[in-house]
Amino acid sequence: MEIKFPTIRLLFSVMNVLLLLVIVAEVSDSQTHNSGFPQVVPNRQQFFQSEPITISCEGLNGRTGWRVMKKINGEVRTCASTWETSTGPCKIFNAYPSTDSGEYWCEMGGIQKSNTVNITVTDLESHVILEVPAHPVMQGENVTLHCRKKDANSNYTAKFYKNGISIGSSSSGNIMIPTVSKSDEGLYKCSIADAGESPESWLTVGTGHPTVPYLEIYLGLGIGLGVLLLVILLILAGLFQHHKHQQTIRSHTEDTSLTPSAQNSPVSI
Ligand SMILES: *[C@@H]1O[C@H](CO)[C@@H](O)[C@H](O)[C@H]1NC(C)=O
Ligand SMILES: *[C@@H]1O[C@H](CO)[C@@H](O)[C@H](O)[C@H]1NC(C)=O
Ligand SMILES: *[C@@H]1O[C@H](CO)[C@@H](O)[C@H](O)[C@H]1NC(C)=O
């Protein structure tokens, strides 16, 4: 018994240190990256038909094994044409409205999911898009939204709207939102006279806190606690065996050497 207690204490310490290391690693890892969004190149949510788009999971928690997934018209599948190639970047060479407009995210092992980016591809009749970043913009940054006119060869005046309300117009086609804060989040669109209106896209303002990786911490904690419980059970089982073994020895000794007195005093414990 004197040997066992330090062993148990040591085991607990090792478990605690391991658990802490897991948590610290996860938190620091998640904070060094742009918390959990797929990367879209070029970095915007709206595209004209036939433009190229690349979506990848680079930089997500610094791990490999992420897959680019998409949901188009309610149907979920890998962004790449086959499951085998879906861990690499998903290259769309000619964006097409009905097959490429939808939600995109990264997924690993079916449990871990990144945040979702909505991509809108306009049809041939549309001549205006608003370039809203696909990634969240960080609090305090200046953000420029560009209202783009298809095949424009002269300057044009664009009007900008947030949540359907006009927020101004600009003869350069750009609007700058200085030092963004959470209150600048919303649905943005723009319009150009004689050319039409862009689709709406959501501008996300990030605060730098990790979002997705908390799942990993809980998962790590769960596994850690599970292992801890198993170790405790094993130790208890070991103690029980040890106890039973000693009892057997004792009753054996009593059987052989103390036969007369053993009859008066039954085996205790
Ligand atoms: C944002 O723009 C203002 C001018 O409007 C400039 O003074 C400031 O340095 C810019 N901030 C950043 C982070 O670029
Ligand atoms: C467009 O605007 C830029 C400045 O914003 C100016 O330098 C340029 O001359 C303009 N081009 C035309 C065709 O008006
Ligand atoms: C993306 O699109 C879906 C479906 O239209 C919508 O429910 C969701 O709120 C959108 N998300 C963002 C961030 O715009």
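Both counts, for ligands and for their atoms, begin at 1 and track the order of listing. When reading the values below, keep in mind they use all heavy atoms of this one structure, side chains included, and skip hydrogens, waters and symmetry mates. For the single chain, residues carry numbers from 1 onward in sequence order.
- Comparing E141, M176, M138 against atom 5 (O) of ligand 1, the shortest heavy-atom distance belongs to M176.
- When only modelled atom types and interatomic distance are considered, R67 and S86 share a side-chain donor-acceptor pair under 3.5 Å.
- Under 3.5 Å, the side chains of E107 and W105 contain a donor-acceptor pair of N or O atoms.
- Inspection of the H135 and N43 side chains reveals no N or O donor paired with an N or O acceptor under 3.5 Å.
- A salt bridge links K189 with E197: at least one charged nitrogen is closer than 4.0 Å to a carboxylate oxygen.
- Closer than 4.0 Å to atom 11 (N) of ligand 1 lies at least one heavy atom of the protein.
- A donor atom on one side chain and an acceptor atom on the other are not found under 3.5 Å apart for Q46 and T120.
- Shortest contact from atom 4 (C) of ligand 3 to any protein heavy atom: E103 OE2, 3.9 Å.
- In this structure, atom 7 (O) of ligand 3 has its sub-4.0 angstrom surroundings free of protein heavy atoms.
- Between the side chain of W66 and the main chain of L60, a donor-acceptor pair closer than 3.5 Å is present.
- Numbered from 1 in the order shown, with element, the atoms of ligand 3 that lie under 4.0 Å from a heavy atom of W202 read 14 (O).
- Scanning the protein for heavy atoms near atom 2 (O) of ligand 3, the closest one is N118 ND2, 2.3 Å.
- Within ligand 1, counting atoms from 1 as listed, the ones closer than 4.0 Å to a heavy atom of N142 are 1 (C), 2 (O), 3 (C), 8 (C), 10 (C), 11 (N), 12 (C), 14 (O).
- Counting protein heavy atoms only, atom 13 (C) of ligand 1 is closest to G140 O, 4.2 Å.
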